[in-house]
Amino acid sequence: MDINKIFGAFNSSSRDDDGFGQPTFLHTYKDDEENHPKYYVRMFTKLILNYTNYNKQLIDFFGKSDPGLDVAEITQTGEHMLYQRAYQYITQIDIHDEYHIKILFEEANSKLKEALNKSLKFFEGEEEYEKCAILKKYLDFLNFSS
């Protein structure tokens, strides 16, 4: 990692000595970047599968701090926020893009399928059938292509 490149991104001028504009950010895929398809798939899976443990800790914390608090409402709101965010991650994967397909197959495993099934079940319960259709498309793509 080059520290000069990191801090160079914050230069106040985007012009070189000749006065020509230089790009301040060049997009390239790297495994550790947050805009990489692998990141999207892994974050989707991690959010869904780690939710139960995180939610229990969060509810315990709020429940102890204020016994009069409506824990059920906090649980429902937290769950809704989590699934919405996870959905945003997985929908960044374009199953018509060859590179995204390659990454999806590299990351395909039982945990990803479990996360897709849990998300599908959640959105069915919320009656958000458009999201169900999109999640089902990812799940079918993995099941029929493997």
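The basis for the numbers below is simple: all heavy atoms, side chains too, and nothing from hydrogens, waters or symmetry mates.
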Engineer: Over all heavy atoms of both residues, which pair between E107 and L112 is shortest? Give the atoms and the distance, please.
Structural biologist: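 Result for this residue pair: O-CD2, 4.0 Å.
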Engineer: Taking side-chain contact (heavy atoms from CB on, under 4.5 Å) as the test, write out the residues that go with L49, two or more places apart.
Structural biologist: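 Listed in chain order: T45, K111, E114, A115, K118.
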Engineer: Can you give me the closest heavy-atom contact between L142 and K113, atom names plus distance?
Structural biologist: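 For L142 and K113, the tightest heavy-atom pair comes out as CB-CE, 4.2 Å.
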Engineer: Please report the shortest heavy-atom distance between C132 and E124, naming the atom on each side.
Structural biologist: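 Smallest interatomic distance, heavy atoms only, reads SG-N, 3.4 Å.
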Engineer: Under 6.0 Å between ring centres: does that hold for F105 and F141?
Structural biologist: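 So the answer is yes for these two rings.
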Engineer: Answer yes or no: is there a donor N or O on one side and an acceptor on the other, between the side chain of Y138 and the main chain of L116, under 3.5 Å?
Structural biologist: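 Looks like no, no N/O pair under 3.5 Å.
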Engineer: Please enumerate all residues that pass ring pair (Phe, Tyr, Trp, His ring centres under 6.0 Å) together with Y87, with sequence neighbours excluded.
Structural biologist: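 Only F123 meet the ring pair (Phe, Tyr, Trp, His ring centres under 6.0 Å) criterion with Y87.
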Engineer: Q92: what forms a side-chain contact (heavy atoms from CB on, under 4.5 Å) with it, not counting sequence neighbours?
Structural biologist: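 Expected list: Y40.
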Engineer: Do you know the tightest heavy-atom contact between I95 and I101?
Structural biologist: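 The answer is O-CD1, 3.1 Å.
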Engineer: So with a 6.0 Å cut-off around CD of Q76, is the heavy-atom count from everything else above 12?
Structural biologist: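 No, because the 6.0 Å sphere around CD of Q76 holds 12 heavy atoms or fewer from other groups.
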Engineer: Can you check whether H80 reaches F122 side chain to side chain, under 4.5 Å on heavy atoms?
Structural biologist: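 Answer yes - side chains close enough.
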Engineer: A cation-pi test, strictly: NZ or CZ of R85 under 6.0 Å from the centre of the six-membered ring of Y89 and no more than 45 degrees from its axis. Yes or no?
Structural biologist: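 Relative to the ring axis of Y89, which defines the angle, R85 lies inside both limits.
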Engineer: If we only count heavy atoms from C-beta on, is the Y83 to I48 side-chain gap below 4.5 Å?
Structural biologist: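 Yes - at least one pair of side-chain heavy atoms lies under 4.5 Å apart.
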Engineer: Distance from K131 atom NZ to Q84 atom CD, nearest 0.5 Å?
Structural biologist: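 It is 3.0 Å, given to the nearest 0.5 Å.
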Engineer: Please name the pair of heavy atoms, one in L135 and one in L120, separated by the smallest distance, quoted to 0.1 Å.
Structural biologist: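 Scanning both residues, the minimum pair turns out to be CD1-N, 3.8 Å.
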Engineer: Show your reasoning for whether side chain to side chain contact (heavy atoms under 4.5 Å, CB included) applies to E106 and V41.
Structural biologist: CA-CA 10 Å; E106 287 175 3; V41 173; over 6 Å; no
